[in-house]
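Order of the sequence lines sets the chain letters (A, B, ...), proteins ahead of strands, with each chain counted from 1. What you see is a predicted model, and the numbers here were worked out from it, not measured in a lab.
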There are 2 protein chains.
Amino acid sequence: MSTRREQILAAAAELFARHGFHGVGIDEIGAAVGVSGPALYRHFRSKDAMLGEMLTSISEVLLTGGLDRRERTEDPAKLLGELIAFQVDFALDNPSLITVQERNLGNLTDPDRRRVRALQRRYVEVWVQAVRDTAPDLDEPTARAAAHAVFGLINSTPHSRHLGRDGMATMLREMAAAALAGAGGETRR
Amino acid sequence: MSTRREQILAAAAELFARHGFHGVGIDEIGAAVGVSGPALYRHFRSKDAMLGEMLTSISEVLLTGGLDRRERTEDPAKLLGELIAFQVDFALDNPSLITVQERNLGNLTDPDRRRVRALQRRYVEVWVQAVRDTAPDLDEPTARAAAHAVFGLINSTPHSRHLGRDGMATMLREMAAAALAGAGGETRR
DNA sequence: ACCCGACGTTAGCGTCCGCTAACACGTGTT
DNA sequence: AACACGTGTTAGCGGACGCTAACGTCGGGT
């Protein structure tokens, strides 16, 4: 629909990523898209609603991306590789969204946070299943912890831009794959 | 020295980690240590100063920990393993400090941020050198990017507590080592 | 006995911030 | 011509926040 909403969300995401949710004022977000201040309330009900819509849509994109790939790929090893590539591409192409999702989940309203958490959990489950299909010796909690660790690895991207986009992508894919392969070890609590 | 300062810093760290720097008020920090509000100004010059001291001391602890280990260990592979174990232990034992350092660097005053950044860069250089000593085929930017990625992996700990503390530690060590070994590119799943 | 420094309290200041109110303007439909 | 509607503006309210001021209490050194 309106380009304006997306434009506002993109600007807000960048500002939230840089200064934190509470560190950004309505006026700054408006200024970033060329209008000033309260004009934003023609498009969003509140500042909270901006963050809510932002994080919800990210989580939905990730989840449907994961579900799509699981549906299309039946070879477990190939699926895991595609999940990795998907997450790497998303992180490299949407650094501020990734940053906001990692840092500002706690600033959501309770209902929004519940929604986002639910979506995230389903996305993680896609990963957990894929991991365990390629490494059946891992129990479920270990697989889940390993998945979270790999998210941390991939999502660290916004904070280190030293390589080019493609060099970064291949390196992250290889490191993620190796890390997951190495999670097997003799891990036991 | 005064237990009080450290007590305040610990409480503030937990609150900053949960709600973000601007999401926490002076009164809340005071309440968390049993005094209320402006009493904190007997111990710190400002709220900014609390964050500044917090992040500076973390960075110093990490840097000296890294330098110590480099001094004591001459075998490159062993050194890298010890750096990994050191970072893993620190992240597992100080989850809120790690979270604050990752999320709230941008909320520091300019001079504080410069100080912290300088310390962090020196710590990263310890890692880069250790990585390149065990994998000489990596150029420096790649080694640096790989180090940052491994920090992301290890520091993701606070957000996933599924395994016990020791199970988590061994798994993270193995994943980190595997990820670094896989950063070269010759390791395919 | 006295004072002083450490540490705490409450009251209140100035400012910022999210949001609403009231109004203006351009466009498309009737 | 009249109107509704989408989108923007400025003014301003109410509350929160960081911080200071002024004052109280208490324990240790002289």
Rounded distance (Å) that lies between atom P of C:dC19 and atom CD1 of A:I29: 10 Å
To the nearest Å, give me how far apart NZ (B:K47) and C1' (D:dT20) are. 17 Å
According to ring pair (Phe, Tyr, Trp, His ring centres under 6.0 Å), who are the partners of A:H148, at least two apart in sequence or on a separate chain? B:H162
Quick note, A:V35 side chain, CB onward, closest among D:dT9, C:dT9, C:dC19 is D:dT9
Residues forming a side-chain hydrogen bond (donor to acceptor under 3.5 Å, both in side chains) with A:S160, sequence neighbours excluded: none
side-chain hydrogen bond (donor to acceptor under 3.5 Å, both in side chains) with B:E140: which residues, sequence neighbours excluded? B:R144
Using whole Å, report how far CD1 of A:I26 lies from P of C:dG18. 5 Å
Do any of residues 12-23 of chain A sit with a heavy atom less than 4.0 Å from DNA chain C, and if so which? none
Could you give the CD1-to-C1' distance, from A:I8 to D:dG8, as a whole number of Å? 12 Å
Atom pairs, protein N/O to nucleotides 22-27 of chain D N/O, distance under 3.5 Å:
residue, atom, partner, partner atom, Å
D:dA22, N6, B:R42, NH2, 3.3

Whole angstroms only, please: what is the CZ-P distance between A:F44 and D:dG8? 12 Å
Got a sec, which residues hit salt bridge (Lys or Arg N to Asp or Glu O under 4.0 Å) with B:D68, two or more places apart in sequence or on another chain? none
Enumerate the side-chain hydrogen bond (donor to acceptor under 3.5 Å, both in side chains) contacts for residues 45-61 of chain A, please, sequence neighbours excluded, ordered by first and then second residue. A:R5-A:E53, A:S59-A:Q101
Residues in ring pair (Phe, Tyr, Trp, His ring centres under 6.0 Å) contact with B:F21, at least two apart in sequence or another chain: B:F16
A:I26 and A:L40: CA distance, side-chain angles, deciding distance, side-chain contact (heavy atoms from CB on, under 4.5 Å) verdict: CA-CA 8 Å; A:I26 286 289; A:L40 304 179; 4.2 Å; yes
Return the nearest nucleotide to the side chain of B:H43; candidates are C:dC19, D:dG18, C:dG8. C:dG8
Grab the CZ-C1' distance between B:R45 and D:dG18 for me, whole Å please. 15 Å
Distance check needed: D:dG18 C1' versus B:E28 CD, whole Å only. 13 Å
Would you mind listing every ring pair (Phe, Tyr, Trp, His ring centres under 6.0 Å) that reaches into residues 47-71 of chain B, with sequence neighbours excluded? none
Does B:R4 have a side-chain nitrogen or oxygen under 4.0 Å from the phosphate oxygens OP1 or OP2 of C:dA6? no
side-chain hydrogen bond (donor to acceptor under 3.5 Å, both in side chains) involving B:T142 - partner list, sequence neighbours excluded: B:D139
Length of the line joining B:D27:CG and D:dC19:C1', which is rounded to integer Å: 11 Å
B:R122: partners by salt bridge (Lys or Arg N to Asp or Glu O under 4.0 Å), with sequence neighbours left out: none
Distances under 3.5 Å between nitrogen or oxygen atoms of protein and nucleotides 10-13 of chain C:
none

Okay, side chain of A:R69, backbone of A:L83: is any donor-acceptor separation there less than 3.5 Å? no
